[in-house]
Amino acid sequence: MKKRVVGVVLLLALCMGICTTGCSGAQEKKGSLTVFNYGEYLDPAVLDMFFEETGIEVKYEEALTPEEMYTKYKAGAIEYDLLCSTDYMLEKLIKEGELQEIDIDSMENAENIGDKYWEFSEAFDPDNQYTVPYFWGTVGILYDKTKVNDPVDSWGVLFDGSYSGEIIMQNSMRDTLSVALKALGFSLNTNDENEIRQAYELLEKQKADVQAYLVDEARDEVVAGNAALALVYSGEAYLGKEYNPDLEYVVPKEGSQVWLDSWGVTKNCKNLEMAMQFLDFLCREDIAQMNFEYIYYSTPNDAVIEALSEEERADETLVPTENATENCEVCVQQEPEVVELENELWKELKAE
């Protein structure tokens with residue numbers, strides 16, 4: 001311990017010496033942006049590089065879920081310049097006039113984003129005027145092959161009682177409800193109250209079999225052998241398989257959710273030019289590569305995908321196939337009364 005303290009003191013002294021002699025060459029601060037994103041969803045080194053190249057400081061704020069992000073944003077305690085959220089929440093913000101139009105054509109690196117991701121975006125941003133794709137993927141089942149003997153190709157495995165106490169569901173109303181809707185053969189974007197109540201009844205019946213409702217920890221529980229199956233995002237499945245080779249991931253045959261997380265510029269952004277610099281920076285191949293290797297969710301940056309090995313490109317958790325997404329839907333905003341109903345039912349489910 002003493003050696004470590006001495007080492008820290010020497011390191012601090014060295015850093016002070018470097019600062020004293022080298023600060024004249026450091027980037028001068030030219031402005032700042034306040035950026036809102038999910039936790040651990042951007043390589044911190046990227047922000048340092050952005051400052052070094054542009055002199056623009058990024059003040060970084062985090063949220064756990066789209067709903068938490070929306071609540072914090074609307075509270076108005078902090079004026080955010082840019083935010084990254086998911087498809088249906090971005091649609092909500094667009095319709096409420098909270099995002100401003102951006103000029104994609106002015107972005108030098110936007111051409112790195114593949115055409116199909118701009119097409120996905122059209123589900124919630126019809127003319128690609130407000131958002132820039134960041135990460136995407138599917139929602140499916142991560143399972144332990146040593147614990148699950150039956151073929152896993154249907155959502156039914158989560159609802160038939162075969163693995164009671166061994167199931168982790170997402171602590172996210174939309175993601176978990178979407179699974180029940182698809183299991184029943186309904187659209188995950190339905191506005192039919194009867195279909196939503198049927199899905200809720202299925203989840204209510206399932207609750208006795210559910211070990212927990214978690215977010216990122218869902219993967220960890222299966223990796224550790226504490227659960228047999230978990231509802232996860234494809235990127236989490238990739239990391240899970242890296243940690244535990246006994247794990248497998250599947251998008252059930254009934255179809256699932258293709259999710260797309262994208263960036264938008266808020267109506268309160270005071271410096272659009274700086275915001276556009278940041279968005280273009282994120283689309284640059286080397287920066288997109290850094291974020292990809294930090295997060296390991298599938299990137300819409302074709303330049304990064306093309307640089308992957310053949311084995312990596314064949315991994316469905318990194319690059320979902322056309323077959324995997326065939327019966328999938330992008331989540332869009334539902335009618336206000338439907339969202340209110342779902343919120344009420346979710347509270348009832350979690351309260352029981």
Side-chain angles (χ1 to χ4, degrees), residues 15 26-27 29-66 68-69 72 78 80-86 90 102 107-114 117 131-137 215-217 219-220 223 232-243 259-266 269 274-309 312-313 315 317-320:
C15 288
Q27 179 65 266
K29 181 178 173 180
K30 296 177 181 176
S32 67
L33 292 169
T34 302
V35 173
F36 204 9
N37 196 3
Y38 298 122
E40 299 183 357
Y41 213 39
L42 186 148
D43 187 340
V46 164
L47 303 182
D48 294 334
M49 287 180 63
F50 184 64
F51 177 76
E52 287 303 317
E53 291 188 26
T54 66
I56 302 169
E57 178 187 26
V58 174
K59 299 174 182 177
Y60 197 68
E61 298 284 333
E62 297 179 347
L64 187 62
T65 66
E68 179 186 331
M69 181 175 287
K72 286 184 175 180
I78 299 174
Y80 302 101
D81 296 297
L82 300 105
L83 58 79
C84 174
S85 193
T86 202
L90 289 165
I102 52 182
M107 295 171 56
E108 179 182 348
N109 299 304
E111 62 184 17
N112 289 332
I113 306 297
Y117 310 108
T131 60
V132 177
Y134 182 53
F135 280 107
W136 79 289
V215 185
D216 294 343
E217 306 96 321
R219 173 204 67 202
D220 300 335
V223 169
V232 301
Y233 306 113
S234 50
E236 294 299 322
Y238 172 80
L239 293 173
K241 289 168 64 178
E242 288 288 294
Y243 297 142
W259 57 266
L260 184 66
D261 290 342
S262 302
W263 288 95
V265 178
T266 73
C269 178
M274 287 185 179
M276 293 301 296
Q277 276 185 269
F278 184 72
L279 292 180
D280 200 38
F281 186 75
L282 292 177
C283 293
R284 206 171 77 190
E285 181 180 355
D286 61 325
I287 301 304
Q289 178 78 31
M290 288 175 64
N291 282 326
F292 172 73
E293 292 179 352
Y294 184 77
I295 301 161
Y296 276 107
Y297 275 27
S298 191
T299 175
N301 194 298
D302 278 352
V304 174
I305 295 299
E306 288 167 8
L308 296 177
S309 68
E312 288 173 321
R313 286 198 300 272
D315 190 328
T317 60
L318 283 182
V319 187

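On a predicted model such as this, the values are computed, not experimentally measured, just so you know. Basis for what follows: all heavy atoms, side chains included, without hydrogens, waters or symmetry-related copies.
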S.K.: Show the numbers, then the answer: is there a side-chain contact (heavy atoms from CB on, under 4.5 Å) between E285 and N109?
M.R.: CA-CA 8 Å; E285 181 180 355; N109 299 304; over 6 Å; no
S.K.: Would you mind telling me which of L308, D43, N301 makes a side chain to side chain contact (heavy atoms under 4.5 Å, CB included) with F292?
M.R.: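 Of all the options given, the one that passes is L308.
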S.K.: Report, one line per pair, each donor and acceptor closer than 3.5 Å where one atom sits in a side chain of residues 29-36; sequence neighbours left out.
M.R.:
from : atom 1 : to  : atom 2 : distance (Å)
K29  : NZ     : E57 : OE1    : 2.8

S.K.: Taking E217 for its side chain and V215 for its backbone only, find out whether a donor-acceptor pair lies under 3.5 Å.
M.R.: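 Here the side-chain-to-backbone pair exists.
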S.K.: Can you check side-chain contact (heavy atoms from CB on, under 4.5 Å) on Y243 and R219, steps first, answer last?
M.R.: CA-CA 10 Å; Y243 297 142; R219 173 204 67 202; 4.3 Å; yes
S.K.: Taking the side chain as everything from C-beta on, heavy atoms only, tell me whether D261 gets closer than 4.5 Å to Y38.
M.R.: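 Yes, their side chains come closer than 4.5 Å.
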S.K.: Using the side-chain contact (heavy atoms from CB on, under 4.5 Å) rule, take K72 and E61 through it: C-alpha gap first, then chi angles, then the decisive distance, then the call.
M.R.: CA-CA 10 Å; K72 286 184 175 180; E61 298 284 333; over 6 Å; no
S.K.: Can you name the closest pair of heavy atoms from C283 and M107 and give their distance?
M.R.: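 Looking at all heavy atoms of both residues, the shortest contact is SG-CE, 3.8 Å.
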S.K.: Could you tell me if the side chain of T54 sits less than 4.5 Å from the side chain of F278, heavy atoms only?
M.R.: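 When only atoms from C-beta onward are counted, T54 and F278 do not touch, as no gap falls below 4.5 Å.
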S.K.: Side-chain contact test, heavy atoms from C-beta onward, threshold under 4.5 Å: evaluate it for D315 versus K241 and give yes or no.
M.R.: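 Yes. Closest side-chain heavy atoms under 4.5 Å.
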S.K.: If you look at every heavy atom in P133 and S262, which pair is closest and at what distance?
M.R.: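 Shortest heavy-atom separation between P133 and S262 comes out as CA-OG, 3.5 Å.
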S.K.: Roughly how far, to the nearest 0.5 Å, is the CZ atom of F135 from the OH atom of Y296?
M.R.: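 The distance works out to 11.0 Å.
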S.K.: Could you please spell out the steps behind the side-chain contact (heavy atoms from CB on, under 4.5 Å) verdict for N291 and T299?
M.R.: CA-CA 9 Å; N291 282 326; T299 175; over 6 Å; no
S.K.: Once you round to the nearest 0.5 Å, how far does CG of L47 lie from NZ of K59?
M.R.: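 Nearest 0.5 Å value for the CG-NZ distance: 13.5 Å.
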S.K.: Can you list the residues that meet the side-chain contact (heavy atoms from CB on, under 4.5 Å) rule with N37, with sequence neighbours excluded?
M.R.: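 side-chain contact (heavy atoms from CB on, under 4.5 Å) check on N37 returns Y41, L42, Y60, C84, Y134, W263.
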S.K.: Answer whether the closest heavy-atom distance between the side chains of L282 and V46 falls below 4.5 Å.
M.R.: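 When only atoms from C-beta onward are counted, V46 and L282 do touch, with a gap below 4.5 Å.
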S.K.: Do the side chains of P320 and W136 get nearer than 4.5 Å, heavy atoms only?
M.R.: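 Of all side-chain heavy-atom pairs linking P320 with W136, at least one is under 4.5 Å.
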S.K.: For Y80, is there any backbone N or O sitting under 3.5 Å from a side-chain donor or acceptor partner on T266?
M.R.: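 Such a contact is found between T266 side chain and Y80 backbone.
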S.K.: Under a 3.5 Å distance rule, please check whether E312 uses its side chain to pair with a backbone N or O of S309 as donor and acceptor.
M.R.: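 Yes.
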S.K.: Verify the distance criterion only: is there a donor paired with an acceptor across the side chains of T65 and E68 at less than 3.5 Å?
M.R.: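 Side-chain D/A pair, T65 to E68: absent.
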S.K.: Establish, from distance only, whether the side-chain atoms of Q289 and E293 form a donor-acceptor pair under 3.5 Å.
M.R.: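 Checked: Q289/E293 side chains pair up, N/O donor to acceptor below 3.5 Å.
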S.K.: Once you round to the nearest 0.5 Å, how far does CD of E108 lie from CZ of R284?
M.R.: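 The CZ atom of R284 is 9.0 Å from CD of E108, to the nearest 0.5 Å.
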S.K.: Looking at side-chain heavy atoms only, is the closest gap between I305 and R313 below 4.5 Å?
M.R.: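 When only atoms from C-beta onward are counted, R313 and I305 do touch, with a gap below 4.5 Å.
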S.K.: Is the closest side-chain heavy-atom distance between Q277 and F281 below 4.5 Å?
M.R.: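 No. Closest side-chain heavy atoms not under 4.5 Å.
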S.K.: Under the side-chain contact (heavy atoms from CB on, under 4.5 Å) rule, collect the residues that match up with S234, sequence neighbours excluded.
M.R.: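 With sequence neighbours excluded, S234 shows a side-chain contact (heavy atoms from CB on, under 4.5 Å) to T138, Y249, W259, given in chain and number order.
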S.K.: Counting C-beta onward and ignoring hydrogens, is there a side-chain heavy-atom pair between F50 and I287 closer than 4.5 Å?
M.R.: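 No, too far: nothing below the 4.5 Å cut-off.
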S.K.: Provide the closest heavy-atom pair for S85 versus L90 in the form atom of the first, atom of the second, distance.
M.R.: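 Of all heavy-atom pairs spanning S85 and L90, the closest is O-CD1, 3.3 Å.
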S.K.: Roughly how far, to the nearest 0.5 Å, is the CG atom of N112 from the CD atom of E306?
M.R.: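 These two atoms lie 9.0 Å from each other.
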